[in-house]
Amino acid sequence: MHAGSGGGSVPGRWILPTIIASQFAGTSLWFAGNAVLEDLRQRWDLGDDAVGYVTSAVQLGFIAGTLTFAFLAIADRFSPRKIFLLCSLAGALANAAVIVAAGGPTALVVLRFVTGFFLAGVYPVGMKIAAGWYQRDLGRAIGFLVGALVLGTAFPHLVRGLGQELPWSTVLLSVSAVAAAGGLLMYLLVPDGPHLATGTGFDPRALATIFRSRDFRCSAFGYFGHMWELYTFWAFVPMMLTFHLASRVDTWNVSLWTCAIIAAGSVGCAGGGLLSARWGSARVAFVQLAFSGLCCLLSPLVLLAPTPLFLTVLLLWGVTVVGDSPQFSALNAATAPRRLVGSALTIANCIGFSITVVSIQLTTVVTEQLGVSVAFVPLAIGPALGLLALAPLARAGRDERDGGG
């Protein structure tokens, strides 16, 4: 199979790798601010709560962008790959603008919000582009794309870790250059796919309908519990490492270990996808969510464990904290009412990302009031409630091949 005209020609077998590479590049913008946060603290004399509001700004921008794109049906009215290109370039500019920004924390928050807004034209739109090329293997493609998001999230920490002597501005410029290149790669090498469908548009009234489906409630509330933990864990991994390693004699590269722990999630995504073919998505998601929730509960002991055990647990936590994401994506799509799938997924994503803001701010407060050692215990609330919600689907062995209600 060969790609059609209108944006270059590339063998069909390279379509998915190109989409994955572009998705990785674009989503590297997500945690770019976090990777240089210590440098920004020194530049603008930011407080200890900076990680909370810098991360939340991106999340809020993504929510606003997702709703805007959905209301205006932008990815349906225009070629998705053009949207991907423009948003990659705009997000890269917003990310790099931090270097020349004046106004201190306010400017930083605004620019991170803008970056998050344009990420709404990268991550979800990348999914739509993949759906235009794949139908039978869409579940597998989603697994790879979530894995690309994970690696993209880790990438700025890798750049910071490998270039500790580099100015922080060079780190931001490097990430912006990669994101812009990803947008160009998508535009030039991935034409609109043969299965590209025009959506039915976003229907806000769907909120009153979609949660009447028992199976969708089970899947969506499981996903919400997963989101309560995920981005907060990613945002505060550097703090966990710094807290544990501060009393050790050896010098550890916190940025490189942060990259490794976040990137380990790609193993969970790929492995979960393979296991779901035998166990079903609900059971795979249930097991991974249970393990990561247990890590939350045991985090006070983990933080005080010997360093080899500490790092091993954090790597396994990184594998499972996001490994269930592709399974929840598949379950939400499968269990949503057929005529409202697009609106249902938009609503679920917006609620899920809104939950991350609450979780991030709560963890910031707990850290300031009670200390790092117990900061991650409240994260167990999400997995616990998510497991309760998901249990009926897990018992039934529900997966993405089953029909929705």
Side-chain angles (χ1 to χ4, degrees), residues 3-4 6-8 10 12 15-27 29-30 62-91 116-149 152 179 182-203 206 223 269 325-326 328-334 336 338-350 352-353 400 404:
V10 63
I15 290 291
L16 184 57
T18 303
I19 296 173
I20 292 169
S22 300
Q23 189 87 298
F24 157 79
T27 55
L29 297 169
W30 215 303
F62 183 79
I63 295 164
T66 300
L67 288 173
T68 300
F69 277 60
F71 270 113
L72 300 178
I74 289 177
D76 293 326
R77 296 168 60 191
F78 304 98
S79 169
R81 70 188 228 287
K82 293 180 181 177
I83 301 302
F84 191 100
L85 170 63
L86 292 175
C87 288
S88 295
L89 295 176
F117 183 93
F118 286 113
L119 278 167
V122 174
Y123 182 49
V125 173
M127 294 283 194
K128 183 177 179 67
I129 292 171
W133 280 98
Y134 299 93
Q135 287 186 317
R136 274 181 49 190
D137 295 329
L138 183 57
R140 180 174 66 96
I142 289 175
F144 285 129
L145 290 175
V146 175
L149 166 67
L184 289 170
L185 191 69
M186 183 75 84
Y187 179 74
L188 294 174
L189 298 182
V190 183
D192 294 333
H195 308 299
L196 184 66
T198 300
T200 57
F202 178 64
D203 183 1
Y223 165 73
C269 292
S325 278
F328 280 119
S329 295
L331 285 168
N332 286 345
R338 284 287 173 259
R339 62 186 181 85
L340 295 171
V341 170
S343 297
L345 295 181
T346 299
I347 290 170
N349 286 338
C350 287
F353 276 91
E400 72 277 5

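- A 4.5 Å side-chain heavy-atom check between L331 and Y223 finds every atom pair outside the cut-off.
- Atoms SG and CG, on C269 and L145 in that order, are 10.5 Å from each other to the nearest 0.5 Å.
- Rounded to the nearest 0.5 Å, atoms CG (L184) and OG (S22) are 9.0 Å apart.
- The two residues V190 and W133 make their nearest non-hydrogen contact at CG1-NE1, 3.7 Å.
- The CG atom of L149 sits 5.0 Å away from the OG1 atom of T27 when rounded to the nearest 0.5 Å.
- In this structure, the side chain of Q23 engages the main chain of Y123 through a donor-acceptor pair within 3.5 Å.
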Throw together a table of side-chain donor-acceptor distances under 3.5 angstrom for residues 82-90, partners on residues two or more places apart or in other chains.
from	atom 1	to	atom 2	distance (Å)
S88	OG	F84	O	2.8

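- Between G91 and L29, the shortest heavy-atom contact is C-CD1, 3.6 Å.
- Between A21 and L185, the shortest heavy-atom distance links the atoms CB-CD2, 4.0 Å.
- L189 CG to I19 CD1: the interatomic distance, rounded to the nearest 0.5 Å, is 11.0 Å.
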(Q) Using side chain to side chain contact (heavy atoms under 4.5 Å, CB included), reason through I129 and M186 one step at a time and then give a plain yes or no. (A) CA-CA 9 Å; I129 292 171; M186 183 75 84; 3.9 Å; yes

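- Every ring pair (Phe, Tyr, Trp, His ring centres under 6.0 Å) that F62 has, sequence neighbours left out, goes to W30, F353.
- In this structure, G26 and L119 approach most closely via the heavy-atom pair O-CD2, 3.5 Å.
- Contact annotation: the side chain of M127 approaches that of V146 to within less than 4.5 Å [non-hydrogen atoms, C-beta and beyond].
- Note that the CG atom of N349 and the CG atom of L67 stand 10.0 Å from one another [nearest 0.5 Å].
- Shortest non-hydrogen contact noted between P80 and V125 is O-CG1, 3.3 Å.
- Heavy atoms only, all atoms of each residue included: L72 and R77 are closest at O-CD, 3.1 Å.
- For the atom pair I20 CD1 and I15 CD1, the distance stands at 11.5 Å (nearest 0.5 Å).
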